[in-house]
Amino acid sequence: MSSKKLGNSTDDDVIKKSKRFSLNPSDKEDSLSTTNISSKSSQKDRKDLKRSHPKSIGTDSSESSSSSSDSSSEDERSSSKKSANHHHVPLEPEQKRAKNEKSNDFDHNPHLNPFTNRPFSPAYYKILEKRKVLPAWEARQKVVELVKQYQVLVLQGETGSGKTTQVPQFLLLAGIAKGKAIACTQPRRVAAMSVAKRVSEEMDVALGQEVGYTIRFEDRSGPKTVLKYLTDGMLLREAMNDPMLSRYGVIILDEAHERTLSTDILFGLIKEVLPKRKDLKIVVMSATLNAEKFQEYFEGAPMIDVPGRMYPVEIFYTPEPEKDYLIAAIRTVIQIHIVEDEGDILLFLTGEEEIEQACREIRDEVKKLGNEVGDMLVVPLYSSLPPAQQQRIFDQAPPKNKRGVPGRKVVVSTNIAETSLTIDGIVYVIDPGFAKNKIYNPRLRVESLLVSPISKASAKQRAGRAGRTRPGKCFRLYPERAFEKELKENTYAEILRSNLNSVVLTLLKLGIQDIVHFDYMDPPAPETLMRALEELNYLGALTDDGKLTQIGMRMSEFPLDPQMSKVLLSAEKLQCVNEAVSIIATLNVPMIFLRPKDQQSEADAAKSRFAHEDGDHLTYLNAFNAYKLKKESPDWCYDHYLNSRALKQANDVREQLLQIMVKIGMKIQSKPMNDPDYYQNIKKAILSGYFMQVAHLQRAGHYLTFRDDQVVAIHPSSTLDHKPEWCMYNEFVLTSKNYIRTVTEIRPDWLFEIAPEYFDLDEIKNSEAKRKLERVYKRMKESDE
DNA sequence: GAGCACTGC
């Protein structure tokens with residue numbers, strides 16, 4: 001039985017070896033051989049190793065068998081958790097479970113599909129056999145019992161447990177939702193789509209009928225839908241119109257350990273809803289990493305543990321820290337290629353540039369080795385890569401070369417391969433221990449990306465990528481003591497690393513009054529919340545005592561940053577709705593202008609044909625309008641160095657925004673292009689959202705951001721051909737320098753017209769910009785008289 | 001005169 005090979009391993013169970021390997025090529029013999037591996041023998045590890053005993057999964061699927069379950073490992077599992085939380089409920093031994101199987105067996109009529117009242121198709125039975133060998137299947141009775149008994153259940157189970165597809169079905173067939181629907185949230189669109197499709201097949205129903213999904217721009221669900229997969233952001237949107245989540249009887253928050261902004265808000269919202277909706281059941285599903293935290297948060301929630309199904313992964317560390325992880329990583333790729341058996345390699349790096357450089361160097365190194373070694377296919381992977389090139393990660397490794405040495409594929413990837421994309425056939429993972437992470441500086445109100453060490457959870461996730469199809473190896477390019485002592489347990493939740501303007505607006509719209517004392521699973525810094533309240537107040541979304549205004553209510557309808565929503569609202573009065581919505585749409589998609597490295601000057605020339613002298617926002621508008629005029633032609637885009645995928649996406653966003661505007665009763669109106677105020681009004685509309693992002697040109701020749709006094713330069717990608725004295729910007733980017741990106745000229749007198757409270761001269765400390773504004777203000781008053 | 005981890009509404 002093939003499944004005998006499988007170990008029930010958790011992320012903790014990846015076989016930990018403290019065998020050191022050196023990155024010095026001269027002693028490769030010693031370095032990568034797997035002999036003399038000393039396994040750690042700490043208390044915890046022994047426990048883990050015991051738990052990871054391969055257990056025959058195949059026999060477990062037959063209902064009566066209990067012989068295969070290793071009672072000592074069951075004991076171990078329950079005792080290891082008992083100390084952490086007495087609410088933990090271990091899986092009962094098989095025999096006990098079999099007795100009460102009948103009492104609430106939902107599978108009582110095995111030949112008739114309860115949803116369609118038609119006999120099941122042959123395909124159904126075929127899939128059913130596969131479902132029965134999933135680790136989650138074993139837990140179905142227990143899951144149903146616990147959900148009946150408790151309002152919240154925490155379920156931990158890793159990759160391969162089948163929890164995402166099976167648990168919702170168990171609850172559905174057990175009738176727990178009591179006529180209401182079951183929602184299962186996913187952090188990613190593709191997951192919601194593909195899981196829904198799979199489950200509809202498993203249930204022998206048509207996708208979009210009883211089982212469906214809802215993601216942005218695509219709703220495949222209907223009145224008959226009783227099980228719906230949706231993105232967490234989508235459920236949050238639904239909650240804004242229905243804060244009691246009244247259409248659902250069960251809500252399953254899947255991949256909760258990822259702690260996205262949306263799931264974190266949903267946690268808090270659900271915790272408030274639970275006492276008011278005694279009939280509502282919640283299942284929080286997480287990888288093992290921090291499930292206990294959810295248990296603590298939902299006081300009294302029991303936890304159930306579903307084993308995953310992964311092959312063991314051996315972990316190797318370097319004896320000493322590496323000075324240059326890029327060089328070390330490339331050397332490790334080459335060593336694996338020379339020394340190790342067949343099997344593809346996944347190398348984690350931090351960003352596009354680094355990845356492209358590594359790919360080049362790996363190819364060069366392999367070329368130098370000649371046909372002593374097998375051929376190598378080196379493939380980069382990062383999100384901004386066009387889909388066709390992303391597909392190359394699924395190409396087969398090259399065949400044996402002339403000397404009969406097998407080829408190998410190396411994927412050099414960002415974090416995208418950690419969770420979002422799964423590549424089968426990976427046997428070796430190289431983990432330098434770094435990733436780019438978003439951080440937020442509330443004082444400067446700037447989000448930026450910083451290369452920083454990953455967390456233990458992340459390192460374990462990366463290692464797991466080597467054990468999907470057979471036993472694998474993970475090479476960590478740092479010492480074991482660094483893993484133990486220096487890496488944080490988990491990556492900080494996104495809510496702790498983000499600008500919270502949108503979050504605060506959402507919470508208020510959900511009816512949560514006290515933003516500061518809201519029950520966050522991880523409370524954000526008070527300064528970040530204060531900043532958000534302050535900015536929303538300046539935007540007119542909040543009253544001085546923090547209540548949502550009419551403007552704020554309307555702003556919350558848009559799936560946009562509050563500043564952008566404000567632009568759209570102002571555009572109505574300024575009669576430039578069509579233009580504003582096009583600009584906002586293009587700012588919400590990946591860069592619409594392409595700039596391939598080998599054709600930079602051609603690309604720049606193409607871009608300059610769309611340039612507007614007043615600034616980048618209007619350049620975007622020109623490009624978008626031209627795209628529409630050319631009937632959205634991808635060929636035309638290609639010829640003009642435009643990203644047709646991004647423009648198509650912008651068009652979709654634009655349509656969605658227009659729909660919302662119509663829904664909230666806005667008039668979709670624009671002045672004709674020849675109106676003297678045409679461009680001025682567009683710029684004023686943008687400024688009404690972005691007056692807090694204004695920079696002033698100093699006499700010394702550089703720009704200072706207004707109020708924050710940061711020295712900034714206009715980003716070289718700007719199409720502005722002069723340095724306007726006053727400008728607004730869409731983005732502050734911290735890279736080699738402080739740059740402001742997407743910049744448009746403004747007139748200083750507009751500041752008083754559009755945001756008099758923010759530009760109250762009595763409140764502003766003395767500066768060159770203030771003195772300028774004082775003069776402008778004086779002149780305005782004089783001309784008024 | 002240059003660089004963008006990754007999701008999501």
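Order of the sequence lines sets the chain letters (A, B, ...), proteins ahead of strands, with each chain counted from 1.
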May I ask you to decide if the ring planes of [X] and [Y] are parallel, tilted or perpendicular, using 30° and 60° as cut-offs?
X	Y	value
A:F518	A:Y520	perpendicular
A:F610	A:F593	tilted
A:Y690	A:H617	tilted

(request) Ignoring the backbone of A:L449, work out which of B:dA5, B:dC9, B:dA2 is nearest its side chain. (result)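 Output: B:dA5.
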(request) Would you indicate which nucleotide in B:dA2, B:dG8, B:dC6 comes nearest to any side-chain atom of A:S420? (result)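 Looking only at heavy atoms from C-beta outward on A:S420, the closest nucleotide is B:dC6.
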Surrounding [atom1] of [X] (heavy atoms of other residues, nucleotides or ligands, distance under 6.0 Å), is the total greater than 12?
X	atom1	answer
A:K197	NZ	no
A:M244	CE	yes
A:E353	CD	no

(message) Please compare A:E494 and A:H715 by the position of their nearest nucleotide in DNA chain B and report the one closer to 5'.
(response)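 The 5'-side residue here is A:H715.
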(request) Name the residue closer to the 5' end of DNA chain B, choosing between A:N588 and A:E353 according to the nucleotide with the nearest heavy atom. (result)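 Whichever sits nearer the 5' end wins; that is A:E353.
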[X] [atom1] to [N] [atom2], straight-line distance once rounded to whole Å:
X	N	atom1	atom2	value
A:N499	B:dT7	CG	P	20 Å
A:Y440	B:dC6	OH	C1'	20 Å
A:E354	B:dC6	CD	P	13 Å
A:L381	B:dA5	CG	C1'	12 Å
A:Q649	B:dC9	CD	C1'	12 Å
A:L657	B:dG8	CG	P	17 Å
A:K737	B:dC4	NZ	P	15 Å
A:M591	B:dG3	CE	P	13 Å

Base, sugar-phosphate, or nothing for [X], non-hydrogen atoms under 4.0 angstrom?
X	value
A:F558	nothing
A:L236	nothing
A:K438	base
A:I215	sugar-phosphate

Please confirm whether the shortest side-chain N or O distance from [X] to OP1 or OP2 of [N] is below 4.0 Å.
X	N	value
A:R189	B:dC9	yes
A:T414	B:dC6	yes
A:S383	B:dC6	yes

(request) Tell me which residues in residues 598-611 of chain A put a heavy atom below 4.0 Å from DNA chain B, sorted by number, or none. (result)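 Correct list: A:Q600, A:D604.
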(message) Quick check on contacts: within residues 227-234 of chain A, what sits under 4.0 Å from DNA chain B by heavy-atom distance?
(response)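 Heavy-atom cutoff 4.0 Å gives A:T231, A:G233, A:M234.
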(request) Could you tell me whether the side chains of A:Y703 and A:K723 share a donor-acceptor contact shorter than 3.5 Å? (result)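 No, because no side-chain N or O of A:Y703 sits under 3.5 Å from a partner of the opposite role on A:K723.
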(request) Determine yes or no for a side-chain-to-main-chain donor-acceptor pair under 3.5 angstrom, with A:N730 supplying the side chain and A:R741 the backbone. (result)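 Judged by distance alone, no pair lies under 3.5 Å.
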(message) Using a 3.5 Å distance criterion without hydrogens, assess whether the side chain of A:T719 forms a donor-acceptor pair with backbone atoms of A:S608.
(response)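 Side chain of A:T719 to backbone of A:S608: no pair is present.
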(request) Decide yes or no, distance alone: a donor-acceptor N/O pair under 3.5 angstrom between the base of B:dC9 and the side-chain of A:R237. (result)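 In this structure, the two groups form a donor-acceptor pair.
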(message) Taking the side chain as everything from C-beta on, heavy atoms only, tell me whether A:K607 gets closer than 4.5 Å to A:Y641.
(response)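 No. Closest side-chain heavy atoms not under 4.5 Å.
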